[in-house]
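The block underneath contains the structure these notes are about, expressed in structure tokens.
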Amino acid sequence: MSNEQFTPQAAFTLAELEARFPPRDLPADARVTRFGPSPTGSMHIGGLYTSLVSRRAAHQSGGVFYLRIEDTDKKREVEGTVELILDSLATYGLSPDEGEIADGKDVGAYGPYRQSERVPIYQSCVRWLLEHGHAYPCFASAEELQVLRDEQAKHKVPPGYWGSWAIWRDKTQADVDAALAAGKPFVIRLRSAGGRDERVTLPDTIRESIEFPANQTDVVLLKADGVPTYHLAHVVDDHFMRTTDVIRGNEWLASYPMHAEMFKLFGWEPPRFAHISPIEKNDGSSRRKLSKRSDPEASVCWYMEAGYPRDAVTEYLLNLIDGRFEDWRLANPGVSNEQFQIEIERMNRAGALFDLAKLDSVSRDVVGAMTAKEIFDAALIWGSDHAADFATRFGADPAYSQAILDIERHGERPRKDIVRWEQLPADIGYFFDDTYAALLPEAQAAFAALQPAPPEGMLAAIAAAYDPALNRDAWLEWLRELGLGYGYAPNVKAFKVAPDEFRGHFGDLAGALRVVLAARRNTPDLCEVMQVLGKDRVVARLNAAAAW
RNA sequence: GGCCUGUUCGUCCAGUGGUUAGGACGCGGCCCUUUCACGGCUGAAACACGGGUUCGAAUCCCGUACGGGUCACCA
């Protein structure tokens with residue numbers, strides 16, 4: 001037998017790899033973390049969550065956050081996913097420091113950062129394992145493995161390729177040569193040294209210490225196509241890429257003993273581990289992980305399309321990482337959330353339930369704290385990706401659009417009516433003449449249904465006397481005065497005292513103006529809306545409505 | 001089923017032996033008010049269950065129940 005046949009792409013000794021990927025030149029307590037998505041079609045919100053934790057952990061300690069594409073399964077790979085992942089990370093401010101940054105371009109000295117391009121490295125490590133008797137080829141077919149499992153089920157024995165069930169573990173050289181000569185496909189398996197009663201403990205950063213029975217399974221290291229499984233790739237990459245903290249979903253907890261055994265066999269110091277609980281959702285009486293198939297909100301695309309601002313998603317996720325973020329935010333208004341220090345150790349062990357209402361609330365506050373310019377910029381980017389018509393209109397006159405957004409946005413208590421950019425086209429459509437025109441039928445119907453109906457001549461009178469230079473108090477005084485002449489009580493109190501003496505109250509008058517000017521009953525402060533619309537539009541719309 | 005793990009208001013979190021169990025979202029009420037969005041005040045709402053240990057347990061120990069994860073040539 002020659003190991004060349006099993007690992008044809010092996011090209012390095014372990015010592016050469018050590019030299020090529022030396023320990024990083026970083027302070028002792030700097031954390032090196034990574035995000036390792038597999039490009040299977042979409043980016044899960046859980047990936048964003050994990051990335052946020054990882055990136056913050058790295059940056060808070062002066063370390064590095066890198067991206068590694070785990071594309072070892074060609075069957076499941078979906079074209080274009082890497083771009084999607086990059087775009088998702090960038091949109092939410094989580095771009096990696098190292099790894100594939102854009103269009104196949106790598107940054108960093110520990111690459112390549114796609115596992116499919118690291119096969120020589122993996123095979124080199126596997127060859128070392130073969131040479132030291134820690135691995136062996138296995139020619140078992142899928143059918144044979146199935147028979148094995150059935151037998152194990154019948155004997156109520158733990159399933160898997162282990163101990164005496166590992167049929168190729170101790171085959172003779174002659175058997176191996178015969179299989180090879182017959183052209184049978186093979187995989188390379190770990191020769192596990194685990195004994196029945198041995199235990200391994202995982203010093204998990206979040207859960208403190210977890211004890212498992214030691215690994216006994218002869219896991220597949222190299223698949224029949226010569227590409228590694230996750231297990232081998234994880235151990236090799238996190239060692240040679242010098243990861244200090246593996247932050248991953250807790251679905252990996254159970255495979256830790258395998259990984260631990262490999263680190264030990266190689267003689268490598270394992271990194272620290274933090275297994276974080278997934279974001280879940282209620283499903284009937286129980287809860288389950290958010291799933292890409294049935295939950296649209298599981299996919300990061302959903303948030304991008306809806307136009308949730310970057311910091312809204314960040315701060316909501318920060319809330320899940322550490323509930324004290326909320327208190328910190330209250331105590332530090334206006335401070336960038338980058339300043340908030342997360343503590344992995346404190347993360348909740350139970351899975352958090354995704355709460356859209358809470359996200360919306362966080363988002364309202366985040367947008368409330370943004371300036372009109374910031375909103376304009378973010379919404380325009382969103383629009384150009386997801387709502388071209390809107391983007392054209394909205395971007396045509398930046399000063400006008402920003403004036404719209406600035407309504408009631410100054411002062412101590414800014415408006416909080418925007419949750420996501422998606423709502424903008426409908427919310428501010430009436431400011432633009434073409435979309436306002438499209439709303440006219442609705443406006444006329446609402447106008448006709450107005451109770452009390454506005455009296456003859458009032459709209460024209462308002463149009464004639466309107467002075468946009470009036471500040472809010474003066475404007476109110478003017479309009480109250482004018483309304484009184486047409487039978488509108490200046491306030492609700494006065495109206496309630498003598499309802500028979502009035503046609504309605506000031507609120508009714510303002511409501512009528514809203515229907516005419518905005519084609520809707522709810523708008524921000526009317527005085528500001530009219531100022532932003534400008535005298536020409538206001539007068540034109542009022543006079544047109546006088547004929548309805 | 002084996003192994004691992006989790007369980008404080010509906011939800012997210014505080015709470016690490018002595019608290020009227022706190023905050024936030026959501027929900028209800030009141031106030032403010034040119035509508036809406038805010039803002040203020042206020043209400044309902046939780047320690048899964050059972051045993052211990054202790055003067056005293058949400059907090060420590062044991063068990064039970066109910067969840068979740070994992071047992072692939074997927075990650």
Side-chain angles (χ1 to χ4, degrees), chain A residues 36-40 70-73 75-76 115 138 140 142 145 149 153 156-161 185-189 202 207 210-213 217 219-225 227-231 233-234 248-257 275 277-278 280 282 285-289 316 319-327 329-330 346 348-362 364-365 368 408 412-419 427 472 475-476 479-480 483 488 490-492 505-511 513-515 518 520-527:
Chain A
S38 58
T40 53
E70 311 212 329
D71 55 347
T72 53
D73 187 359
K75 294 183 292 292
R76 296 203 313 155
Q115 290 184 329
C138 166
L145 292 174
R149 276 191 285 273
K156 295 208 176 4
V157 142
Y161 202 90
F186 60 85
V187 300
I188 305 298
R189 287 182 182 271
L202 161 63
R207 285 152 221 273
I210 305 172
E211 203 178 283
F212 299 90
T217 304
V219 254
V220 172
L221 266 21
L222 240 37
K223 299 185 269 190
D225 57 4
V227 172
T229 56
Y230 170 85
H231 307 295
H234 148 57
R248 59 180 8 173
N250 69 2
E251 69 268 23
W252 293 110
L253 227 25
S255 50
Y256 172 74
H275 290 90
S277 299
E280 300 175 334
N282 265 333
S285 57
S286 72
R287 30 165 72 192
R288 46 150 243 258
K289 261 171 89 165
Y316 174 68
N319 246 318
L320 257 32
I321 294 170
D322 188 339
R324 294 172 314 168
F325 171 74
E326 216 156 29
D327 296 332
R329 175 40 85 214
L330 245 33
R346 291 186 49 97
N348 208 247
R349 293 150 148 93
L353 217 49
F354 184 80
D355 186 354
L356 196 57
K358 180 82 176 187
L359 203 216
D360 283 355
S361 163
V362 170
R364 241 192 303 276
D365 286 336
E408 288 185 289
E412 284 300 293
R413 273 162 48 188
R415 273 193 91 67
K416 293 187 181 173
D417 54 349
I418 302 174
V419 172
D427 277 7
R472 184 179 307 178
W475 175 87
L476 270 173
L479 194 58
R480 281 205 168 103
Y488 288 92
N491 55 58
V492 181
H505 57 79
F506 187 73
D508 298 321
L509 171 55
L513 286 180
R514 288 193 161 90
V515 166
R520 59 196 297 161
R521 309 196 72 116
N522 304 333
T523 78
D525 175 64
L526 238 197
C527 176

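Every chain is numbered from 1, with letters handed out A, B, ... down the list of sequences.
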Contact check, side chains of A:Leu222 and A:Val227, non-hydrogen atoms, under 4.5 Å: no

In B/S/- notation, 5' to 3', how is nucleotides 58-64 of chain B contacted by protein heavy atoms closer than 4.0 Å? -------

Please answer whether the main-chain N or O of A:Val220 pairs with a side-chain N or O of A:Thr229 as donor and acceptor at a distance below 3.5 Å. yes

Applying a 3.5 Å limit to both distances, which nucleotide forms a Watson-Crick or G-U wobble pair with B:C25? B:G10

Considering every strand shown, what is the Watson-Crick or G-U wobble mate of B:A45 when both distances are under 3.5 Å? none

For B:C55 and B:U42, measure between their P atoms and round to the nearest Å. 40 Å

Ignoring backbone atoms, establish whether A:Lys75 has a side-chain N or O less than 4.0 Å from OP1 or OP2 of B:C73. no

Do any N or O atoms from the side chain of A:Arg520 and from the backbone of A:Asn522 form a donor-acceptor pair under 3.5 angstrom? yes

Nearest-Å distance once atom P is located in both B:U8 and B:U59: 13 Å

For the side chain of A:Arg189 and the backbone of A:Cys138, is there at least one donor-acceptor N/O pair under 3.5 Å apart? no

Could you tell me how far B:G63 sits from B:G6 if I compare only their P atoms? Round to whole Å. 14 Å

If the sugar-phosphate is the primed atoms plus P, OP1 and OP2 and the base is the rest, what is the B/S/- string for nucleotides 32-41 of chain B, using protein heavy atoms under 4.0 Å? --BBBBBS--

Could you check whether any side-chain N or O of A:Tyr316 sits under 3.5 Å from a backbone N or O of A:Ser361, counting only pairs where one atom can act as donor and the other as acceptor? no

Mind checking A:Val187 for me? I need base, sugar-phosphate or nothing, with any heavy atom below 4.0 Å counting as a touch. base

Roughly, in whole Å, what's the span from CG in A:Leu330 to P in B:A24? 8 Å

What is the distance, rounded to the nearest whole Å, between atom CG of A:Leu145 and atom C1' of B:C73? 9 Å

Where protein sits on nucleotides 4-13 of chain B, one letter per nucleotide: B base, S sugar-phosphate only, - none, heavy atoms under 4.0 Å: SSS----SSS

Are any of the side-chain nitrogens in A:Glu408 or A:Lys416 under 4.0 Å away from the carboxylate oxygens of its partner? no

Out of B:C71, B:U70, B:C73, whichever nucleotide has its closest atom nearest the side chain of A:Ala224: B:C73

At 4.0 Å (heavy atoms only), tell me whether A:Ser277 reaches a base, stays on the sugar-phosphate, or touches nothing. nothing

So if I take every side-chain heavy atom of A:Thr229 and compare against B:C74, B:U70, B:G26, which nucleotide ends up nearest? B:C74

Hey, does the side chain of A:Ser255 come within less than 4.0 Å of B:C71's phosphate (OP1/OP2), counting only N and O? no

Whole-Å P distance, B:A57 and B:U20: 15 Å

State the pairing partner of B:U20; accept Watson-Crick or G-U wobble contacts with both distances under 3.5 Å, and report none otherwise. none

Quick one: label A:Ala140 by what it contacts on the DNA or RNA (base, sugar-phosphate, nothing), any heavy atom closer than 4.0 Å. base

For B:G18 versus B:C32, give the span between their P atoms, rounded off to a whole number of Å. 44 Å

Whole-Å distance separating the NZ atom of A:Lys156 from the P atom of B:G2: 11 Å

Whole-angstrom distance between B:G51 and B:A72, as gauged at atom P: 41 Å

Return the value, rounded to whole Å, for the distance between atom NE2 of A:His275 and atom C1' of B:G68. 15 Å

Is the closest basic N to carboxylate O distance between A:Asp73 and A:Arg76 below 4.0 Å? yes

Under a 3.5 Å limit for both distances, which nucleotide forms a Watson-Crick or G-U wobble pair with B:G67, could you say? B:U5

Kindly say whether A:His505 contributes a backbone atom to a donor-acceptor pair with the side chain of A:Asp508 at under 3.5 angstrom? yes

Non-hydrogen side-chain atoms of A:Arg207 and A:Leu202 separated by less than 4.5 Å: no

With rounding to whole Å, what would you report as the distance between B:C49 and B:C9 at their P atoms? 10 Å

Work out how far the C1' atom of B:A44 is from that of B:G29, and round it to whole angstrom. 10 Å

Which nucleotide, if any, forms a Watson-Crick or G-U wobble pair with B:U35, using both distances under 3.5 Å? none

When rounded to whole Å, the CG to P distance for the pair A:Asp71 and B:C73 reads 20 Å

Are any side-chain N or O atoms of A:Thr217 and backbone N or O atoms of A:Tyr161, one a donor and one an acceptor, separated by less than 3.5 Å? no

If you measure from the Lys or Arg side-chain nitrogens to the Asp or Glu carboxylate oxygens, is any gap between A:Asp225 and A:Lys223 under 4.0 Å? no

Find the distance A:Leu202:CG to B:G69:P and express it as a whole number of Å. 19 Å

Note, A:Leu356 side chain near A:Phe354 side chain (heavy atom, < 4.5 Å): yes

Can any side-chain N or O of A:Arg346 pair as donor or acceptor with the backbone N or O of A:Gly323 at less than 3.5 Å? no

Less than 4.5 Å apart, side chain to side chain, heavy atoms only: is that true for A:Ile418 and A:Arg364? no

What does B:A72 pair with, Watson-Crick or G-U, if both distances are under 3.5 Å? none

